[in-house]
Q: 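Please see the structure below; I have some questions.
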Amino acid sequence: MTETAAEQTETFAPPEQFAAAANIKADEYERAEADYLGFWAEQSRELVDWHEDFGEVLDWTNPPFAKWFVGGKLNVAYNCLDRHVLAGNGDRVAINFEGEPGDSRTYTYAELLAEVSKAANTLTDLGVKTGDRVAIYLPMIPEAVISMLACARLGAAHSVVFGGFSSDALRSRIIDAEARVVITADGSYRRAKPTSLKPAVDEALSQGDTPVEHVLVVKRSGQEVDWVDGRDQWWEDSVGQASDTHECEFFDAENPLFILYTSGTTGKPKGILHTSGGYLTQVLYSMKAVFDIKPETDVFWCTADVGWVTGHSYVTYGPLAAGTSQIVYEGTPDTPHQGRWWEIIEKYKATILYAAPTAIRTFMKWGEEIPAEYDLSSLRLLGSVGEPINPEAWRWYHRVVGGERCPIVDTWWQTETGAHMIAPMPGVLSTKPGSSQRPIPGISVDVVDDSGENPAGPEGGLLVIRRPWPAMLRGIWKDPERFKETYWSRFEDTYFAGDGARRDEDGDIWFLGRVDDVMNVSGHRLSTAEIESSLVAHSKVAEAAVVGAADDTSGQAVVAFVIVSNGAEDSPETAEELRQHVGKDIGPIAKPKTVHIVTDLPKTRSGKIMRRLLKDVAENREVGNTTTLADASVMDQIEKSVAGA
Ligand code: PRX
């Protein structure tokens, strides 16, 4: 969609009432910039309950390895639970859980503290100690949040693996993180069908070569599961019987909180490491500043799964540390009907909704008469995350969901950044459809040209982050060299985000998508290399190249071009078999939308595949410059075979 200049500069001033009551006032940007370390120290002391105060705000003597809030001691779970109960808010609802089949549960802060204490006691019984790792492979049920907080309470890092990932993906993450315990469920519900989880865990552990000693299994779907005596325990039998009090210890600000694997430009997912004090500070600041949270009255709903960073920061840690009430929903937006989200908002009187543009575009397709049937008047603020939101979707979200009264915060950040980095302050800035606008106070970003030295021109350039930030990743698990190489080697002392961006004449930032071989499908990061290696591992594939092609609903779609091996048939059945193979190998989200079987791939003389040209084909565009190809006729053949497919 092309936008006219007038549409691009259209802005929406914050509603008067919203601005008057907003947590953040306009002077915050300047105040933060005048002394950014002082600003973060002030935010941290105000928002986090420190057991022992910190000394130095930032130790950056060994870049890119940062230490924030040096010497401070805290317990992240205490900040999410105990302090609210101690402040007399134990009866406030922490989680309104809505299961896909329609079952619901509510936990107050006091109840959630009791459940987390039980889980922490159980993990201790299973031998989990401070510094250990626990893998969590659960659906979107309260036990996922409870498990994460139980780990945090013990100072053990969790590694949550998205329930949609395959046993292979789970297995490699368990091995890399050296997890001692896995927490899973018998199954979950998806599109009204129970789907299994435990068999994937069994398969991941079947070779007996992982460090896993125990598997805790939550009963959710009631499916029959295989059982390994001595290793497996029902959550109900262990956590259910454990003591509901647990005295917590306090850990160093830099104690690891979690590892979360994310796709990079090479085949192997990276274990992104986050620690405690800085992460919690920035997550809490974003709750206050970007989501304008009012814990006494808000009902927050972030629709992301806890398997992604958005679920870590804005389902588990942000809302609970802020002490607000929130909604956790297990299922899909169209089960049992396409009004399910709106029904949930009406039922719980949600005030803040945080979702991905891909969901908004899907709702647009289903039609605005569906949300119109529900009372959405409780909403006061909307958020967007995961991919650029196109102005048309922004305006639909604003008008149909937000009734033209809710500001929209388009939040740019990454697994690596831990919390929001670029987003409008909703009570201060006039928002602009499609633009994330400005870094949040205390954060400094730039859009630069290829040399990294000059500001990019109007056509755009690369997004970089100039200064360390509290919630920044502390490294890639067990791979310091890869950490330096991936993010800090392109430009000196500067974090390279991998995103293209441009600034408009007001200085507002617009995102242009990834500049590397990372795809963004429905707001989820996938690596072309990871899918290619999955494809070539199949006996029928000789070579494969994968691109992310523009897609109206999911932002990008995975399109694969493969050369089949000798003897394998060039047929729709083979293409389908390969799609299914990737789905099984990595997970259904990685399944290519289309597999084109071709006879050759476009390569430079040095043998590098030119994905840019394949992307042109996948997006139905005229193929770009082919002069650097070793054999320019390859593209004609590919275009012909794709057209004939
Ligand atoms: O390309 C950017 C895109 O998502 C990438 C980060 O993906 P992930 O680590 O999975 O985290 C997603 C949720 C924070 C970024 O490099 N991205 C994320 N948010 C936006 C975005 N692109 C444009 N606008 C956004 N608001």
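Just follow the structure's listing: the first ligand is 1, and inside any ligand the first atom is 1.
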Q: Would you compute the distance between atom CD1 of I389 and atom CG of D410 and round it to the nearest 0.5 angstrom?
A: 6.5 Å
Q: Determine whether the aromatic ring centres of F65 and F483 lie less than 6.0 Å apart.
A: yes
Q: Is there a donor-acceptor contact under 3.5 Å from the side chain of R438 to the main chain of M425?
A: no
Q: Assert yes or no for the condition that the ring centre distance of W488 to Y495 is strictly below 6.0 Å.
A: yes
Q: List ligand 1's nitrogen or oxygen atoms that come under 3.5 Å of a protein nitrogen or oxygen, with the partner atom and distance.
A:
from: ligand 1; atom 1: 1 (O); to: D499; atom 2: OD1; distance (Å): 3.2
from: ligand 1; atom 1: 1 (O); to: D499; atom 2: OD2; distance (Å): 2.7
from: ligand 1; atom 1: 4 (O); to: G386; atom 2: O; distance (Å): 3.3
from: ligand 1; atom 1: 9 (O); to: T415; atom 2: N; distance (Å): 2.7
from: ligand 1; atom 1: 9 (O); to: T415; atom 2: OG1; distance (Å): 2.5
from: ligand 1; atom 1: 9 (O); to: R525; atom 2: NH1; distance (Å): 2.8
from: ligand 1; atom 1: 16 (O); to: Q414; atom 2: NE2; distance (Å): 2.9
from: ligand 1; atom 1: 16 (O); to: D499; atom 2: OD1; distance (Å): 2.5
from: ligand 1; atom 1: 16 (O); to: R514; atom 2: NH1; distance (Å): 2.7
from: ligand 1; atom 1: 17 (N); to: G386; atom 2: O; distance (Å): 3.3
from: ligand 1; atom 1: 19 (N); to: G386; atom 2: N; distance (Å): 3.1
from: ligand 1; atom 1: 24 (N); to: E387; atom 2: O; distance (Å): 3.3
from: ligand 1; atom 1: 26 (N); to: D410; atom 2: OD1; distance (Å): 2.7
from: ligand 1; atom 1: 26 (N); to: T411; atom 2: O; distance (Å): 2.8

Q: For the rings on Y285 and W469, is their centre-to-centre separation under 6.0 Å?
A: no
Q: Does the ring centre of Y354 sit less than 6.0 Å away from the ring centre of H420?
A: yes
